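First up is the structure itself, then whatever we jot down about it.
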Protein chains: 2
Amino acid sequence: MKINKLVIATANAGKFREFHELAKDFVSEVIFAHEIAKLIVDETGKTYSENAMLKASAWAKISGLPCLADDSGLEVNALDGAPGLYSARIIHGPDNDKVSWLLESLRDKSDSERKARFAASLALCIPDDYMLICEGFCYGTIAHAPAGNNGFGYDPVFIPDGYNKTFAQLEPDIKNSLSHRNNAFRKIVNILNLSK
Amino acid sequence: MKINKLVIATANAGKFREFHELAKDFVSEVIFAHEIAKLIVDETGKTYSENAMLKASAWAKISGLPCLADDSGLEVNALDGAPGLYSARIIHGPDNDKVSWLLESLRDKSDSERKARFAASLALCIPDDYMLICEGFCYGTIAHAPAGNNGFGYDPVFIPDGYNKTFAQLEPDIKNSLSHRNNAFRKIVNILNLSK
C-alpha cells in the first residue's frame with residue numbers, strides 16, 4: 001500500500017521528529033500537524049488507544065489526509081504501572097518537572113522495582129476509509145539520576161534493556177530503533193505492506 | 001496476510017451466517033462466538049465503531065483468537081438518521097416489532113424522505129497485535145410494507161438502490177454482495193491482502 005502524505009497528529013516537536021525518522025522511508029511526505037492548524041484535542045480516552053484514535057480522527061477531519069497519532073506512557077513496576085496514561089500530565093514542582101517527580105517516587109526502590117516499560121498505541125486514520133491501531137512496548141529500568149540531552153519526556157531516566165545508557169544518552173537512531181513507537185510503527189508498516 | 005481461525009463475535013445467528021458467507025473464501029475456519037461462550041458485551045459505545053471494538057476486544061480476550069465484530073444500524077432520512085445506533089434496541093408493541101415501528105414512523109412520508117442507508121462498522125481484533133476498523137454503507141429506500149423472508153432485522157423493508165426487491169426478498173448471495181457489511185469486509189480483505 002502507498003501513503004503519499006502522512007500527517008503526524010501532534011503538537012509536540014520532539015514526537016514529530018521521532019515519527020519523521022520512522023516514517024520517512026515509507027511515505028513520500030511527512031507533515032507536522034502543528035503547521036496545518038493549532039488544534040488541541042482533549043485526551044479524554046480511558047486507554048492509550050482511545051486517545052490516539054481521538055487525535056487521529058480529529059486531525060483527519062481537519063486535514064482530509066491520512067493521520068497518524070500516538071498516545072504513550074511510562075509504566076513503572078514500583079508504582080503499579082503509574083504514571084501510565086497520565087505520564088505527560090504529571091505536574092511537579094515549580095518547573096513542572098516530571099523526571100524529578102519520578103525519581104523522588106522511586107527513592108530507595110530496588111532495581112526490580114525500578115523495572116518499567118514505555119507503552120505506545122498508534123492510530124492511523126485514513127479519512128472515510130479505515131483506522132488501524134497498533135501497540136508497541138519498550139522494556140527497561142528507571143535510572144537513579146537523569147543523564148543525556150536527547151529525546152524528551154522521561155528519556156533521561158529510562159535505560160532500555162540490553163543497554164547501559166538512557167534513551168537521552170543514546171543516539172537518536174538507536175533510540176528510534178528500540179522505541180515503543182518504532183515497535184508499533186513497524187507493525188503498521190508490515191500489516192499495510194507500506195512502501196514509497 | 002493469512003488468518004486461520006476467525007471468530008465472528010456475535011450471538012446473532014443471522015449475522016453469523018452472513019459473515020460466514022463473506023469470510024469463508026478468505027480464512028480457513030469461521031467460528032460462531034456463541035459456540036465458544038455465552039458472553040454478553042454491553043454496547044455502551046457512542047458510535048458503531050466503538051461498539052464493534054468493544055465486542056471484538058472482549059471476544060479476543062476470551063478466545064485468544066482473531067475476532068471480527070460489527071455494529072450496524074439503519075439511518076433514515078425522514079427520521080434524521082434514526083434509529084441509527086439504536087436500530088437493534090427499538091422496543092415496539094407486544095412483539096417487539098421494529099419493522100412495524102419503522103413503517104408507522106414513516107406513514108405518509110414521501111419517497112425521498114424514505115431514503116435510508118444501512119451503515120456498518122467492522123472491527124477486527126488480532127490479540128496482542130492490532131485492531132482494524134472499517135466502515136461500509138448500503139443505500140436504499142424503506143418500502144411501504146414488509147416483504148420477503150430472508151435475512152433479519154429491517155431486511156423486509158429495505159430496498160437497495162438499483163433493485164425493486166427488499167433485502168429479505170433477494171437471494172442471500174445477492175444481498176451479501178450489496179450489503180454494508182460486505183462493503184466494510186471487502187475493505188478489510190483489501191487492506192490486509194487476506195487470502196487462505
Side-chain angles (χ1 to χ4, degrees), chain A residues 1-3 6 26-27 41-42 44-58 60-61 66-71 75 117 119-139 180-195, chain B residues 1-3 6 26-27 41-42 44-58 60-61 66-71 75 117 119-139 180-195:
Chain A
M1 188 162 303
K2 297 209 180 299
I3 293 180
L6 179 66
F26 302 98
V27 302
V41 181
D42 277 340
T44 54
K46 292 184 294 292
T47 62
Y48 303 123
S49 295
E50 284 179 18
N51 282 333
M53 285 190 280
L54 284 171
K55 289 185 271 190
S57 303
K61 202 168 173 182
C67 287
L68 181 70
D70 98 312
D71 194 38
E75 302 174 347
R117 69 174 187 181
S121 177
L122 267 57
L124 174 67
C125 180
I126 310 293
D128 299 322
D129 201 358
Y130 67 89
M131 174 95 82
L132 176 62
I133 302 116
C134 290
E135 290 195 319
F137 302 97
C138 179
Y139 292 83
H180 46 314
R181 276 187 275 273
N182 178 58
N183 188 305
F185 187 74
R186 290 281 158 175
K187 287 187 188 173
I188 291 181
V189 168
N190 287 335
I191 291 164
L192 300 180
N193 197 16
L194 266 190
S195 67
Chain B
M1 188 161 303
K2 298 209 180 296
I3 293 180
L6 178 66
F26 302 99
V27 303
V41 180
D42 276 340
T44 53
K46 293 184 294 292
T47 62
Y48 303 122
S49 295
E50 284 179 17
N51 282 334
M53 285 190 281
L54 284 172
K55 288 185 272 189
S57 304
K61 202 168 174 182
C67 287
L68 181 70
D70 98 312
D71 194 38
E75 302 174 347
R117 70 174 186 180
S121 176
L122 267 56
L124 174 67
C125 180
I126 310 293
D128 300 322
D129 201 357
Y130 66 90
M131 174 94 82
L132 176 62
I133 301 115
C134 290
E135 290 195 319
F137 303 98
C138 178
Y139 293 83
H180 46 314
R181 277 187 274 272
N182 179 57
N183 188 304
F185 187 74
R186 289 281 158 175
K187 287 187 188 173
I188 290 180
V189 168
N190 287 334
I191 292 165
L192 299 181
N193 196 18
L194 266 190
S195 67

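Everything quoted here is computed from the prediction, not taken from an experiment. Each chain gets a letter, A, B and so on, in the order the sequences are listed, and its residues count up from 1.
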Non-hydrogen atoms of A:Cys134 and A:Lys187 that approach each other most closely: SG-CB, 3.8 Å

How close do B:Asp71 and B:Tyr48 get, heavy atom to heavy atom, and via which atoms? CB-O, 3.3 Å

Okay, B:Met131 and chain A: the region with an atom under 4.5 Å from a heavy atom over there is both

Can you tell which part of B:Asp128 gets under 4.5 Å to a heavy atom of chain A, answering side chain, backbone, both or neither? backbone

Mark yes when over 12 heavy atoms from residues, nucleotides or ligands other than B:Arg186 sit less than 6.0 Å from its CZ; otherwise mark no. no

Taking every non-hydrogen pair under 4.5 Å, which of A:Asp129, A:Ile188, A:Ile133 racks up the most with chain B? A:Ile133

Pairwise side-chain contact, A:Arg117 with A:His180, heavy-atom cut-off 4.5 Å (strictly under): no

